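Note that the structure is a prediction, hence the values are computed from the model and not measured. Residue numbers start at 1 and run along the sequence shown.
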Amino acid sequence: MKISMAIGAGASLDPKRLSQHVADLEAAGVDMVWGGEVYGFDLVSTLAFVAGKTERMEIMSGILPVYSRSPTILAQTGMTIDTLSEGRFILGLGTSGPQVIEGWHGVPFSKPLGRTRDVIEICRKVWSGDRVVHDGKAISLPYDGGTGLGKPLKRMGKPFRTDIPIAVASIGPRNVELTAELANVWQPIHFLPEKFNDVWGDSLAAGGARRADDLGDLQIVAGGTVALGSGPMVDAVRKGVRDNVGFYVGGMGARDKNFYNDLFKRYGYVDEAEKIQDLFLTGKRDEAFAAVPDDYVDRASLTGDPERVQERIEVYRSVGVNYLDITVPPETENPLEVISQVKAWAE
């Protein structure tokens, strides 16, 4: 397995610190870095900066929402950063959710599956160099309304690659099926390897049956937070894992529309998911986070004695994970050594 890590591009951005950080990660053997975009700093500019500060690592957007930019701008973004990095970019896409898309971007969260499919197909048409004509379920090019003066156009310039990999972040059954059909890379969240086949097996098989041969095998990015040993630091890391999933399961969405709560139930934590949401939505956040079961934290993190962490890495390998995505907390003693050690175990 390769090693991937998130660099973050949210509420703070220090160019000198980021430059040193990605250089350190590359020296430690990290194979790919990625960043997310919600409503903080712009991810595209950040990843272009990272491309100029690194030489070997792959760089992935994880994710750019399919609603926040036009499909052709996403295609232009992909070929620009891929060219600047000389073929190291992966265009990571996702739908995000109604809270962000409608609350921050001011556009309707409609036809998420259709829009995702259209964006992927349009990006590949742009990169091919052909004139872009598309009649999709959510998007048509040229636009079929307005002045009527729109005409098919093709990209200017020659990109470094015309087959830039596309990643999709997805957890719902139909979205995972779409990912298995069209994407090069799959980025699930809150991944439990033991539940891999039970929760997603049917969707991956259905999408894979329609997958084009030239896409190759679907690559999987999944992992967890790393804390080796025992004691207060490891306890704090486990609490962070618990609080993070509790926030998503409890409050990332409305009571009747929370994708992460649905996933937690599909993992088998039905009563726990309802309890976490009830507590969170009534303002009892600490109690909601405390209701996340130890069993989940055990399986969703890479914490404990080195022998146990190695065993967990092998579980990820056994289900076909290609990029072991790790988080090493900044308070970790000798974090770069920890990264190098995990990489050695994963190889």
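Judged by distance alone, the side chain of Asn184 and the main-chain N or O of Ile166 form a donor-acceptor pair under 3.5 Å. At distances below 3.5 Å, not a single donor-acceptor pair connects side-chain atoms of Ser19 with backbone N or O atoms of Lys16. Judged by distance alone, with hydrogens and angles left aside, the side-chain atoms of Glu26 form a donor-acceptor pair with the main-chain N or O of Arg56 at under 3.5 Å. Of the possible polar contacts, none joining the Ser61 side chain to the Leu91 backbone as a donor-acceptor pair under 3.5 Å is found. Checking side-chain atoms of Arg211 against main-chain N and O of Ala183 turns up a donor-acceptor pair under 3.5 Å. Looking at Lys275, its side chain never comes within 3.5 Å of a backbone N or O of Ala291 through a donor-acceptor pair. Between the Ser340 side chain and the Ala28 main chain, a donor and an acceptor come within less than 3.5 Å of each other. A donor-acceptor pair is defined here as one N or O able to donate and one able to accept, closer than 3.5 Å; no such pair exists between the side chain of Arg266 and the backbone of Lys195. In this structure a side-chain-to-backbone donor-acceptor pair under 3.5 Å is present from Tyr316 to Gly223. In this structure a side-chain-to-backbone donor-acceptor pair under 3.5 Å is missing from Thr327 to Thr225.
Other residues, nucleotides and ligands place no more than 12 heavy atoms under 6.0 Å from the CZ atom of Arg174. Counting non-hydrogen atoms of neighbouring residues, nucleotides and ligands closer than 6.0 angstrom, the CD atom of Glu331 exceeds 12 such neighbours. Other residues, nucleotides and ligands contribute more than 12 heavy atoms inside 6.0 Å of the CD atom of Glu314. With a 6.0 Å radius and a threshold of 12 heavy atoms from other residues, nucleotides or ligands, Glu102 has its CD atom above the threshold. Within a 6.0 Å sphere centred on CG of Asp202, heavy atoms belonging to other residues, nucleotides or ligands number 12 at most. Within a 6.0 Å sphere centred on NZ of Lys265, other residues, nucleotides and ligands contribute more than 12 heavy atoms. Counting heavy atoms of neighbouring residues, nucleotides and ligands inside a 6.0 Å radius, atom CG of Asp217 does not exceed 12 of them.
Taking the side chain as every heavy atom from C-beta outward, His190 and Val249 never approach each other to under 4.5 Å. Looking at Arg115 and Ile139, their side chains come closer than 4.5 Å, going by heavy atoms from C-beta outward. Looking only at side-chain heavy atoms (C-beta outward), Leu113 and Thr95 stay at 4.5 Å or farther from each other. Residues Ile164 and Met79 form a side-chain contact, since some pair of their non-hydrogen atoms from C-beta on lies under 4.5 Å apart. Counting only heavy atoms from C-beta outward, the side chains of Arg312 and Pro193 approach each other to under 4.5 Å. Counting heavy atoms from C-beta outward, Arg155 and Thr162 have side chains that approach closer than 4.5 Å. In this structure, Asp325 and Trp34 have side chains that are in contact, with non-hydrogen atoms separated by less than 4.5 Å. Put simply, the side chain of Gln187 reaches to within 4.5 Å of the side chain of Met60, judged on heavy atoms.
Residue His134 is tested with Asp118, Val126, Val119 for a side-chain contact (heavy atoms from CB on, under 4.5 Å); the sole match is Asp118. Exactly one residue among Val342, Val338, Ile313, Val30 makes a side-chain contact (heavy atoms from CB on, under 4.5 Å) with Ile326. That residue is Val342.
Checked for salt-bridge contact, Glu274 and Arg255 miss the test: no charged N lies under 4.0 Å from a carboxylate O. For Arg69 and Asp42, the salt-bridge test passes: some basic side-chain N is under 4.0 Å from an acidic carboxylate O. Glu347 and Lys343 are joined by a salt bridge, as a carboxylate oxygen and a charged side-chain nitrogen come within less than 4.0 angstrom of each other.
Under 3.5 Å, the side chains of Glu272 and Tyr296 contain no donor-acceptor pair of N or O atoms.
Annotation for Ile63 and Leu93: closest pair CG2-O, 3.7 Å, computed over non-hydrogen atoms. The minimum heavy-atom distance between Asn175 and Ala169, with the atom names listed, is ND2-O, 4.3 Å. Closest approach of Ser301 and Arg308 over heavy atoms only: O-NH1, 4.1 Å. The minimum heavy-atom distance between Arg88 and Glu55, with the atom names listed, is NE-O, 3.5 Å. Considering all non-hydrogen atoms of both residues, Val292 and Val297 come closest at CG1-CG2, 4.3 Å. Across Thr83 and Phe160, no two heavy atoms sit closer than the pair OG1-N, 3.0 Å.
For Phe49, the ring-ring contact (aromatic ring centres under 6.0 Å, His included) test picks out no residue, with sequence neighbours left out. With sequence neighbours excluded, the residues that form a ring-ring contact (aromatic ring centres under 6.0 Å, His included) with Trp200 are Trp186, Phe191. Partners of Arg117 by side-chain hydrogen bond (donor to acceptor under 3.5 Å, both in side chains), not counting sequence neighbours, listed by chain and number: Glu181. Looking at residues two or more places apart in sequence or on another chain, you find a ring-ring contact (aromatic ring centres under 6.0 Å, His included) between Phe247 and Phe280. Not counting sequence neighbours, Tyr260 has no partner by the side-chain hydrogen bond (donor to acceptor under 3.5 Å, both in side chains) test.
Cluster membership check: Val50 shares its hydrophobic cluster with Leu64, using side-chain heavy-atom separations under 4.5 Å among Ile, Leu, Val, Met, Phe, Trp and Tyr. There is a path of hydrophobic side-chain contacts, each under 4.5 Å, that joins Ile189 to Ile276.
Screening residues 230-251 for side chain to side chain donor-acceptor pair (under 3.5 Å) gives Arg238-Asp298, Arg238-Thr303, Lys239-Asp243, Arg242-Asp294 as the qualifying pairs, with residues at least two apart or on separate chains.
Distance CG/Asp130 to NZ/Lys125: 9.5 Å, rounded to 0.5 Å. With rounding to the nearest 0.5 angstrom, the CG atom of Leu74 is 9.5 Å from the CD1 atom of Ile122. Separating the OG atom in Ser68 from the OH atom in Tyr39 is a distance of 14.0 Å, to the nearest 0.5 Å. Atom CH2 of Trp345 and atom CD of Glu307 lie 7.5 Å apart (nearest 0.5 Å). In this structure, OG in Ser203 is found 12.0 Å from CD1 in Ile171, a value given to the nearest 0.5 Å. For the atom pair CG (Asp82) and CD (Glu58), the distance works out to 10.0 Å, reported to the nearest 0.5 Å.
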Open item on the list: Under the criterion side-chain contact (heavy atoms from CB on, under 4.5 Å), I'd like the reasoning laid out for Val133 against Asp135: C-alpha separation, chi angles, the key distance, then a yes or no.
Closed with: CA-CA 7 Å; Val133 176; Asp135 184 17; over 6 Å; no
- [ ] Please assess Arg131 against Lys151 for the test side-chain contact (heavy atoms from CB on, under 4.5 Å), listing each intermediate value before the final yes or no.
- [x] CA-CA 9 Å; Arg131 293 189 184 277; Lys151 64 179 182 178; over 6 Å; no
- [ ] Quick one: do Ile220 and Val319 satisfy side-chain contact (heavy atoms from CB on, under 4.5 Å)? Show the steps, please.
- [x] CA-CA 10 Å; Ile220 304 173; Val319 300; over 6 Å; no
Task: Derivation and outcome, side-chain contact (heavy atoms from CB on, under 4.5 Å), residues Val168 and Ile120 - done: CA-CA 9 Å; Val168 174; Ile120 292 173; 3.9 Å; yes
